[in-house]
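Order of the sequence lines fixes the chain letters, A, B, ..., with proteins taken first and strands second; residue numbering starts at 1 for each chain.
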Amino acid sequence: MADIMKAPRGTRDILPGESERWELLNNVAQEIFGRYGYSRIVTPTFELTDVFQRAIGQESEIVQKQMYTFQDKGGRSLTLRPEGTASVVRAYVEHNLGASGPLPVKLYYGGQMFRYERPQAGRYREFWQLGVEVLGSDDPTLDAEVISMLNEFYETLGLKGLVTLINSMGCPECRPAYIKLLSDFLDSAEGLCPECEGRRKTNPLRIFDCKQPGCHETLKDAPKISDNLCESCERHFGSVKELLADAGVQTEHDEMLVRGFDYYQRTTFEVQSGNLGAQNAIGGGGRYDGLVEQYGGPPTPAIGFAVGCERILLALGDNIKGEVAGLDVFIVVIDHTMRKDAFRIARTLRAAGISCDMDFTGRSVKSQMKQANKRAAKSVLFLGPDEFEQGKIKLRNMESGDETEVSTDSLAGAVKGMLV
RNA sequence: GUGUCUGUAGCUCAAUUGGUUAGAGCGCCGGCCUGUGGCGCCGGAGGUUGGGGGUUCGAGACCCCUCAGACACCCCA
């Protein structure tokens, strides 16, 4: 490739042929989320940096080194969103959504997220997520509904070989005591990697996320959060598991599952795909009961998840095929001075709900027929001077090869009749 | 941010141990059929071999830098 403009590292173009798959994915999401009572929310692509720092946590990897943060001409510190929940919660508080309708408020969103990471398969610097957030209820039934909806979403798409891991992260009641217990254990533990040595002080829970064999081994004997929940968290988690089992949603309790954002409490979950290599998390989420308050809103329990579009499509491979819609009509322009007539006819047909396109290049008739064929046109109109003078146009059924002459006045009807 | 591997037409790949004007298939455009498709045959366009520097009489092949991609670490959707 010569020295031309290229998309920046970690970004990519979604071209026709692939974009159809994206549309399908979005349509499935919209249909299912809508059926569960969700409405779409669209938030800005960038926010004041503080919005993310407060929610995700100063110590988190994302805030520490992965955010696209810049100063605008007004001197504000802004950040391209690295995830969706913070913005939704900010909007929820800003517009007092909790007071404008019955609780809980069910929202879904979709869009690009940005993280400065080393690109690899299934990991881009600009990537797409679809997500949902439900605010205003801490009922375990809601947790179960959210997780089973996520499950239904994947099933509808045809994803196989998924594992849904769930865990409880406790709440402000029980977590401090557990952290102390864990810290005590870590103080006497050996064989932690250098990074975990650092995390031990700042964010001991994150050590569970480390995949170093040494750390993993050490943590097998560590006290687990799910064994140290307060009574209310314990009951909540028990209900969620029971409800999911009743609903026939397969899950696996993973007591080592902790997630990258500080705002998670109680129920957390992550869906992994077996055929993706290292970037195997195709969706994840959890409860964030304290977050709305943290943004200055009223105490509002909430739960949500996000899924990664690139990874889902990667995992689906050829099992998802966005259909490239065939044209109803292709207009072959025999005499190229008649292109303006073709233009008028095309407008008439489209207004009648018939998809159609025409030749714009002045190709030979034969060549135009080849085009029509490649466009999967169901029929072709031959716009030639001989018939046109008599108010007629030849219409060819591309499947059967049958041709009829139709009057220019009743084109749309004739085409529709043929398409049936 | 670290390590390993890779980089030739739009796509998938060729090019003897460095040796003349870098090839093929598919795709694209056209012709055979001067107003009619899917098959076939024929032809055409399209590459400063990712970019830059170096070694050499000579580099797509070797060396260095750089950019990009893949995989793992890391992180997470």
Side-chain angles (χ1 to χ4, degrees), chain A residues 1-4 6-12 15 17 56 60-67 82-85 110-131 150 154 193-196 199 206 209-213 257-261 269-273 276-285 304-315 330 332-336 338 359 361-388 393-403:
Chain A
M1 189 78 59
D3 185 22
I4 57 168
K6 286 197 284 194
R9 181 157 212 217
T11 70
R12 48 189 227 120
L15 304 175
I56 300 170
S60 69
E61 193 80 12
I62 289 178
V63 169
Q64 289 285 307
K65 31 188 168 176
Q66 297 184 349
M67 295 207 304
E83 60 104 45
T85 302
Q112 294 99 316
M113 306 295 159
F114 306 85
R115 292 182 203 172
Y116 190 86
E117 293 186 272
R118 182 93 172 243
Q120 72 188 65
R123 187 168 79 185
Y124 302 95
R125 291 183 172 179
E126 178 185 33
F127 59 100
W128 287 73
Q129 285 191 341
L130 288 162
L150 177 59
Y154 290 134
C193 70
E195 231 170 314
C196 285
R199 290 202 263 246
R206 303 277 310 138
D209 241 359
C210 187
K211 282 169 200 143
Q212 299 288 333
L257 176 72
V258 296
R259 299 188 48 80
F261 304 142
F269 51 95
E270 180 170 309
V271 182
Q272 299 180 347
S273 166
L276 275 190
Q279 309 306 321
N280 66 350
I282 60 167
F305 66 72
V307 303
C309 297
E310 286 86 355
R311 289 185 190 176
I312 290 175
L313 291 175
L314 207 58
F330 187 87
V332 169
V333 186
I334 293 169
D335 179 335
H336 292 288
M338 295 179 72
D359 176 70
T361 61
R363 267 189 273 257
S364 69
V365 171
K366 182 178 186 69
S367 192
Q368 290 184 55
M369 286 302 286
K370 287 185 179 175
Q371 296 301 313
N373 203 47
K374 276 169 191 157
R375 300 285 295 276
K378 300 189 188 84
S379 68
V380 158
L381 281 171
F382 292 96
L383 186 51
D386 299 350
E387 311 90 315
F388 199 65
I393 298 182
K394 232 188 260 178
L395 170 66
R396 181 188 180 97
N397 182 323
M398 287 297 274
E399 207 171 322
S400 64
D402 299 341
E403 273 181 25

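Residues meeting the ring-ring contact (aromatic ring centres under 6.0 Å, His included) test with A:F261, sequence neighbours left out: A:Y263.
Distances shown here put every side-chain N or O of A:S367 at or beyond 4.0 Å from the OP1 or OP2 atom of B:C29.
Side-chain proximity of A:R9 to the nucleotides B:U36, B:A77, B:A68 is greatest for B:A68. Distances from the side chain of A:K394 to the nucleotides B:U36, B:C29, B:A72 place B:U36 closest. If you check B:A77, B:C29, B:G35 against the side chain of A:E117, the one that comes closest is B:A77. Of the listed nucleotides (B:A68, B:C76, B:G30), B:A68 has the atom at the smallest distance from the side chain of A:K6. Comparing B:G35, B:C74, B:A72 by their closest approach to the side chain of A:E61 singles out B:C74. In the set B:C76, B:C73, B:U36, B:C73 carries the atom at the smallest distance from any side-chain atom of A:R123.
For A:F382 and B:G35, the ring-to-base geometry does not satisfy the stacking test (centroid distance below 5.5 Å, interplanar angle below 30°).
Between A:F382 and A:M369 there is a side-chain heavy-atom pair separated by less than 4.5 Å.
With hydrogens and angles ignored, no donor-acceptor pair under 3.5 angstrom links the side chain of A:Q368 to the base of B:U36. Side-chain to base pairing of A:R259 with B:C75: no donor and acceptor N or O lie closer than 3.5 Å to each other. At a cut-off of 3.5 angstrom, counting only N and O atoms as typed in the model, there is no donor on one side facing an acceptor on the other between the side-chain of A:Q66 and the base of B:G1. Remark: the A:R206 side chain and the B:C75 base include no donor-acceptor N/O pair separated by less than 3.5 Å.
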Tabulated below should be each protein N or O lying under 3.5 Å from an N or O of nucleotides 38-42 of chain B; please produce it.
from, atom 1, to, atom 2, distance (Å)
B:G38, O4', A:N373, ND2, 2.9

